[in-house]
Structure formats: C-alpha cells, structure tokens
Amino acid sequence: MIEIDIEKENKAIAQEYKELLRISYQTLSPTDKKLIRKAFDVAVDAHKEQRRKSGEAYIFHPIAVAKIVASEIGLGATSIAAALLHDVVEDTPMTVEDIERLFNPKVAQLVEGLTKISLVQKDLNASMQAENFRKMILTLNDDVRVILIKLADRLHNMQTMDSMAEYKQTKIASETLYIYAPLAHRLGLYNIKTKLEDLGLKYTEPAVYNDIVSKIRETKEEQDAYIKDISDVLKKSLDNEGIDYVIKGRPKSIYSIRRKMRAQNVSFDEVYDKFALRIVYKSDQHDEKFVAWKIYSIVTDHYRPSPSRLRDWISSPKSTGYEALHITVMGPKGRWVEVQVRSERMDEIAEKGYAAHYKYKNGATEESGLDVWLNLLREALENQETNAVDFVEDFKMNLYSKEIFVFTPKGEIKSLPKGATSLDFAFSIHSEIGIKTRGTRVNGRLVPLNHELKSGDQVEVITSANQKPTVNWLEYVTTSRAKTKIKNVLNENTKKIAEEGKELLTRKLRHLKITINEQVINELVNFFKLKTSLDLFYRVGIGAIENQQLKDYAAQKSNTFINFFKNKIKRNKETTAAEDIHKPVMSSNYDMLVFGTEHDKLDYKLSPCCNPIPGDDVFGFVTINEGIKVHKKDCPNAIGMQSNYAYRIMSAKWIDSSQEEFKAIINITGMDVLGLTNQLTRVISNNMSVNIQSISLSTDAGIFHGQIAVIVQNNTILKKMINAIKKIDGVDKVTREYRT
C-alpha cells in the first residue's frame with residue numbers, strides 16, 4: 001500500500017514540474033530548462049525525507065513557490081531555480097558553497113539571501129522582530145528578487161496554514177498584513193497583495209472573514225447578472241467602434257470590503273462599489289492613450305460618471321509603473337460601478353509588475369532591469385542607523401501611500417505620497433535643499449512648511465545658508481526620506497548635548513547618594529517614561545528634567561522595600577479572587593477577564609484606542625510602563641502589535657463581570673423627528689440595565705446627531721440597547737465609537 005502511495009506521489013511531483021515549465025511567464029531557452037531541471041533534481045533529493053505538518057511531501061512547497069515566481073511574478077530561470085532551492089540550505093546539510101559549485105554565483109546569492117531572512121528566530125523581543133523586518137527590507141539593496149521570491153514563499157505558506165496552532169496562524173497573518181502585503185503593493189504585485197490581504201484577514205479575524213465570504217456567495221448570482229447587463233450594453237458600442245477588447249467582472253477583495261466597512265462604519269450591504277468591471281483592449285503603444293479615452297467616451301455615453309472619482313494613471317502612471325483609467329459611473333438600480341480601462345500591456349504590468357515592466361522596455365532582460373527598479377525603493381532604505389521599530393514603521397507608512405503629482409517652478413513633474421507637505425517636496429528635490437529650506441511658495445503664495453500639497457500644485461522652495469532643521473520639522477513631514485535626513489542632522493546635535501547631560505546627571509545623582517550604573521539608568525528611563533538612555537541624557541542636558549524630579553525618583557527608590565510588601569498583600573487578595581472563580585457560579589454572565597491558558601486574574605487596563613467591553617474578542621498586550629493593556633482583536637493597532645511584539649501578546653477571555661461596569665460611546669444620526677430625544681432616553685434608561693453617563697445632542701438643517709456615553713455590564717446588553725435604538729422612528733445609523 002505504501003509503495004503505491006509513493007508511486008502516486010512521485011507521479012504528482014513529476015506533473016507539478018511539467019506544470020511549472022508550462023506556466024512560466026518568461027520564454028525559457030534550452031539552457032534555462034536545463035538549469036531548472038537540475039535545481040528540481042537537487043531539491044527533490046535534498047528534501048526526500050521531509051514532510052510538512054499536513055503530511056504531504058515537503059518538495060511540493062518549493063515547487064509551489066517556484067510556480068508563483070514563474071507565473072504570478074513572472075521571473076526567469078535564475079529565480080525559478082532559487083525558489084526550488086530556497087529551503088535547502090536551511091533544512092538540509094547542503095551549503096551555499098555547494099549551490100555555487102553546482103549552479104552559479106547568482107543562484108547561490110539568491111538562496112543565501114532567502115536563508116538569511118529565514119534564519120532570524122521568530123519568537124524574539126520587539127526590537128529584534130523589527131530588526132528581522134529591517135534586514136529583510138535591506139536585502140532590496142542586494143537583489144530585489146530575494147524579496148520577490150520571499151513574497152511567493154509567504155503566499156504559499158499562508159495558503160497552507162490550516163494545520164498550524166492558532167497563535168502561530170495569528171502571528172504569521174499579522175506579519176503578512178503588516179509588512180508583506182504592503183511590500184507586494186509597492187512592487188506593483190496587486191494580485192499577490194490581494195491574496196495576502198484576504199488570507200491575512202482569514203486568520204486575524206476569522207468570524208468577519210467568513211461572514212463576508214458567505215455574503216459574497218449569497219450575492220454572486222445577482223452580481224454576475226448585474227455585471228452582464230452593463231457588459232451587454234457596452235459591448236454593442238465597443239463593437240461598433242471596431243475596438244478589440246475583453247470585458248471581465250472584477251470582484252472586490254474581501255479585505256477591501258472589510259476596510260471600507262470599518263472606515264465608513266457601514267454594513268456589507270452599504271458598501272457601494274462592490275461592483276466592478278475591467279475593459280482590457282488591444283492596441284499598439286503609440287495609440288494606447290487615444291483608445292483609452294475613446295472607451296471612456298463610450299462608457300460615459302451610457303452611464304453618468306462621478307467626476308470626483310476619475311483616476312487618470314495613463315497620463316501620470318504610479319511610481320510602481322501602474323497605468324490605467326478608473327471611471328466610477330452610476331449603473332442600473334442606482335448603484336455605483338467602477339470601470340477600469342487598460343491596454344493588454346498595462347494589464348500585464350498591473351498583474352506582473354516588475355517582470356512585465358521590463359518585457360516592454362525594448363526586450364530588456366530580467367537582470368538589466370534590476371537597477372532601475374531598485375531606485376524606486378532606495379529612498380526608504382537610506383538611513384540604517386535609526387531605531388529598528390521606527391525604521392519599519394516609516395518604511396511601511398510609505399509603502400501603502402497613494403500618490404499626488406506636483407510641479408517644480410520649471411514645470412517638471414514630481415510624484416509624492418498623498419499627505420506630503422511643502423517641506424517634503426524640498427527634501428524630494430535634494431536633501432541639502434531640504435535642510436536649508438527657509439520657506440515655500442505654492443502656486444505663487446507663501447505657505448507654512450507643513451502645508452499639505454495637492455495634485456497639480458506648483459511648488460517653489462526658498463533657501464537660506466543659515467537655516468537649520470528644528471525638532472518641530474519632524475512634525476511637518478510625512479516621507480521617510482525627509483524624516484531620515486532631519487533626524488540625521490538633529491542627532492549630531494543631540495549626541496553632543498546628551499554627552500554633557502550624562503556628566504551632569506552623574507553629578508546630580510552623586511548629591512542624592514546614588515551611584516550611576518546601568519540599572520539606575522534603566523530605572524530612570526522607565527520612571528520618566530522615555531524610550532532610550534539617549535533620550536534621558538538629552539533631556540537632562542537641555543534642562544527638561546529638574547532637580548525635584550530626580551529627588552522624587554530617589555524617594556521612590558528608597559520606598560521600594562515598603563512597596564514590595566504592599567504589592568505582596570495585594571497579590572494575595574487577587575489570588576483569593578482567582579480561587580473564587582472555581583467556586584459554583586451563581587450568575588449567568590460569564591464576562592470576567594482572565595489571561596493565558598491557566599485563566600490567571602491579573603491587573604490590566606482597557607486600552608482607550610478601541611475601548612473593549614465584556615463580550616468583545618480581546619487579547620492582552622504587556623506594555624513597558626503600564627502593565628497589561630487589553631485590546632479588541634480587531635483594534636486598528638492589533639496587526640502591528642501582533643507582528644512586531646508577538647512575544648508580549650497574551651490570550652484573554654471574559655468569564656464573569658456581573659459585578660463590574662464598563663463605558664461605551666454610541667454615535668446616533670437620523671432625521672430630526674419631534675420627541676426623538678425623549679424616546680431615546682426612555683429606551684436607554686427604562687428598558688435596559690444601562691446608566692447614561694453623558695449625552696450630547698445637536699441638529700443641523702433637519703439632521704439629528706447624538707453622542708451618548710453609557711455604562712453597561714457587558715457586550716450583550718450593549719447590542720440589545722443598540723438594536724432597540726435602531727427601531728426608534730427617525731434614527732438612521734447607530735454605531736459604537738472606537739478611538740484611534
């Protein structure tokens with residue numbers, strides 16, 4: 001029986017190999033096929049004893065990664081070979097030197113880059129986790145293909161994660177949403193980005209994901225029929241004009257529907273542009289723009305467009321190389337529909353990004369295009385000395401940002417991220433100009449340095465040889481490049497002041513009978529709620545930390561012995577309370593918050609960023625200075641914490657809170673109906689176990705706005721109350737507020 005299974009498995013492996021060659025985006029020469037075959041044979045032999053957790057032969061994983069690299073990313077033979085071999089050095093006795101001897105230095109370099117990323121241990125402290133990301137991002141400087149293959153590896157791991165433990169699924173999915181999906185976006189790999197985001201949501205918010213999936217299934221037939229109606233109307237006109245095209249329905253991704261539901265505080269049914277279609281036309285490169293606007297004219301002849309939602313990325317392509325015309329029109333039944341217009345060339349670049357970009361650059365090879373492509377990403381990698389967490393945060397912020405296009409005084413066009421300021425513009429021209437910026441003019445008018453630019457602005461920079469950046473400048477800029485340059489200039493000055501501050505602190509502590517050492521410095525950093533010892537010395541140097549504050553620290557230090565006993569008594573009381581959990585339960589409310597697998601009762605604070613209340617899905621986050629903070633699982637900050645600080649996450653659940661009360665803020669909008677306020681307060685106070693803490697009501701041109709802070713025992717009561725408010729005549733929307 002085992003022999004038959006192995007034979008069947010070998011046939012499946014051989015079939016996968018044939019499929020890999022068949023679906024390759026690049027045209028493979030006989031030499032290429034020989035290289036891939038050799039890599040395949042070496043990988044099969046190296047992994048022959050290994051199996052994945054699901055039970056299948058391990059070799060299926062590198063083949064799957066190579067297939068993604070070959071077809072979805074569109075890389076050539078070198079990268080396909082490296083993808084087949086990407087786990088060989090990490091998991092088997094084979095070395096990088098062996099690979100260089102068997103293949104060539106390029107394949108060996110790619111495998112070494114992938115091995116370096118994989119070898120950083122996963123369960124590390126926060127700064128090391130961020131350091132891991134930083135090292136990975138910095139491999140872009142060596143060879144962008146390392147990251148591209150890593151994205152393929154991450155995609156396949158996400159697709160085959162079902163057999164993993166839940167905490168691992170959450171951590172890997174959080175990392176994926178935090179850094180890998182934005183990277184795919186920045187590299188123009190929109191298909192891979194969408195798949196990573198949807199799978200990330202599947203494991204970070206499974207209930208939400210499954211709910212949206214089931215609703216999409218329920219409405220699929222209706223959506224298909226709707227798109228067909230529009231397609232049939234457009235086809236007649238497009239055919240009459242002799243345009244060679246295909247029309248595809250484009251389902252909105254699960255993740256983007258979720259993002260819209262949260263951003264606009266609406267239900268699935270209220271997300272208005274779930275309908276989308278794409279018109280891909282054939283044209284030579286010279287006529288592409290003309291044909292695109294011809295199609296625009298046809299579409300808008302039949303359906304009224306929304307002028308504010310026209311996106312012309314043909315005249316001004318995104319920095320990722322993306323080109324398309326996006327038109328949002330009012331379709332049948334009063335529904336908005338997005339129509340994307342692309343040539344076949346634009347469509348390939350949108351799907352394959354990097355690889356297609358160079359296929360159309362006079363037949364440039366994969367290797368010759370690398371340097372040009374890397375220039376798009378180098379700016380975010382310029383400063384390697386900054387704090388690792390800040391580096392990753394800054395880099396990530398610039399990955400997802402939308403673009404605006406502004407002009408220099410001479411009429412040259414420059415691309416900047418949306419939200420960029422006039423000072424960002426100065427740094428984008430040259431760092432020396434940025435540092436010397438004294439003022440800026442936008443469209444001929446003098447504006448502050450933090451003036452937010454809009455597409456079409458013309459910007460002039462006024463410089464002065466005596467100008468120097470100040471700390472405030474960090475608040476005026478949004479781009480990594482500008483922040484990095486400002487920090488570099490400030491750091492030189494900061495280090496000098498910090499050195500003087502350390503000497504001054506040593507003298508001051510000596511007067512208080514305290515000898516300065518590493519432990520004392522760490523205690524002071526925590527006491528003043530700072531991040532590093534440099535922050536501490538700098539603040540002493542500029543006089544921001546006064547003598548009285550140091551005396552307070554010294555007094556607290558001498559009281560540590562007394563505090564130890566106080567805490568011990570408090571802990572004993574808590575232990576008794578924890579033991580009470582195991583006594584027979586008299587209440588039907590299981591809402592007390594406990595932590596970890598042992599259901600420990602620990603001190604905690606409810607985080608103000610998402611205001612969790614009993615019944616919400618939550619987790620604990622161990623902070624440096626404030627103990628355990630409890631966040632909702634769908635908190636806006638959850639992904640970053642679970643990704644960067646996985647070792648500080650604690651599982652948490654509610655088991656009883658019948659004796660406790662919690663605050664929730666409810667926003668209500670509707671029509672200003674007579675007696676609405678009375679009905680509202682009656683519903684809340686009479687029918688529920690709810691107390692109103694504060695109430696704010698206003699009307700504006702017949703529209704009613706209300707914000708009510710209520711004290712409730714748990715989530716069930718709150719939901720019941722919200723449902724009751726929704727039934728009041730005139731009420732349109734009732735939402736719970738989450739502070740970000």
Side-chain angles (χ1 to χ4, degrees), residues 185 188 190 193-194 223 226-227 229-231 233-235 237-238 241 243 245-253 256-257 259-260 263-264 266 270-283 285 287-351 400-407 411 413-420 442-443 452-458:
H185 174 89
Y190 298 114
K193 177 203 82 159
T194 299
Q223 283 198 38
Y226 188 82
I227 293 294
D229 286 349
I230 298 171
S231 301
V233 170
L234 295 177
K235 275 176 183 173
S237 299
L238 290 165
E241 290 292 334
I243 295 168
Y245 67 94
V246 292
I247 297 182
K248 311 171 187 175
R250 188 188 66 88
K252 203 169 183 72
S253 78
S256 66
I257 290 172
R259 189 169 54 219
K260 214 147 225 184
Q264 297 174 3
V266 293
E270 293 170 295
V271 175
Y272 69 77
D273 58 352
K274 293 193 291 288
F275 299 94
L277 55 86
R278 183 176 294 151
I279 301 171
V280 180
Y281 61 91
K282 279 188 179 175
S283 162
Q285 220 164 319
D287 292 330
E288 274 182 339
K289 199 170 176 182
F290 173 73
V291 178
W293 287 105
K294 197 173 184 180
I295 293 170
Y296 169 84
S297 174
I298 290 167
V299 172
T300 53
D301 278 348
H302 291 285
Y303 301 106
R304 189 179 293 276
S306 165
S308 65
R309 291 182 63 80
L310 172 67
R311 299 288 181 267
D312 174 12
W313 284 305
I314 293 179
S315 305
S316 301
K318 290 186 178 184
S319 58
T320 56
Y322 180 82
E323 295 173 72
L325 205 56
H326 288 200
I327 320 153
T328 302
V329 297
M330 180 60 77
K333 301 175 188 173
R335 293 171 177 174
W336 289 108
V337 182
E338 185 182 74
V339 181
Q340 296 180 354
V341 180
R342 300 175 182 170
S343 69
E344 283 187 336
R345 179 190 67 83
M346 295 173 197
D347 195 49
E348 276 195 76
I349 287 173
E351 302 292 309
Y400 255 147
S401 53
K402 293 181 179 177
E403 289 175 296
I404 58 166
F405 298 94
V406 294
F407 295 91
I413 195 165
K414 286 199 85 65
S415 162
L416 286 167
K418 191 176 181 190
V442 174
N443 304 325
E452 190 174 320
L453 299 174
K454 294 183 177 66
S455 275
D457 283 345
Q458 190 168 28

Test side chain to side chain contact (heavy atoms under 4.5 Å, CB included) on I295 and L325 and set out the steps. CA-CA 10 Å; I295 293 170; L325 205 56; over 6 Å; no

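- Salt-bridge formation is detected for the pair K248/D347: a Lys NZ or Arg NE/NH1/NH2 atom is positioned less than 4.0 Å from an Asp or Glu carboxylate oxygen.
- The backbone N or O of T328 lies less than 3.5 Å from no partner atom in the side chain of Y303, so there is not a single donor-acceptor pair.
- Taking all atoms of both residues into account, the shortest heavy-atom contact from T300 to S297 is OG1-O, 3.3 Å.
- Each of Y281, Y245, Y296 was evaluated against V341; a single residue qualifies, Y281, per the side chain to side chain contact (heavy atoms under 4.5 Å, CB included) test.
- The line from OH of Y226 to CG of L277 is 10.0 Å long, rounded to the nearest 0.5 Å.
- Going from atom CD1 of I279 over to atom CD1 of I243 covers 8.5 Å, rounded to the nearest 0.5 Å.
- S316 places no side-chain N or O within 3.5 Å of a backbone atom of W313 that could act as its donor or acceptor partner.
- Heavy-atom minimum distance, I247 versus S231: CG2-OG, 3.5 Å.
- When every heavy atom of V291 is checked against every heavy atom of S283, the shortest pair comes out as CG2-OG, 4.1 Å.
- Residues I314 and E288 fail the side-chain proximity criterion, which asks for heavy atoms closer than 4.5 Å.
- What you find for S237 and I298 is that their closest heavy atoms are CB-CG2, 3.5 Å.
- Between the side chain of T194 and the backbone N or O of Y190, at least one donor-acceptor pair lies under 3.5 Å.
- Rounding to the nearest 0.5 Å gives a distance of 14.0 Å between CG of L416 and NZ of K454.
- To the nearest 0.5 Å, atom NZ of residue K333 and atom CG of residue D229 are 7.0 Å apart.
- Of all heavy-atom pairs between I327 and P305, the closest is CG2-CB, 4.2 Å.
- How far CD of E323 is from CZ of R345: 4.0 Å, rounded to the nearest 0.5 Å.
- Taken to the nearest 0.5 Å, the CE atom of M346 stands 11.5 Å off from the CD atom of E344.
- Contact between A276 and I227 at its shortest, heavy atoms only, is O-CD1, 3.5 Å.
- Within the 4.5 Å cutoff, the side chain of W293 has heavy atoms near those of the D312 side chain.
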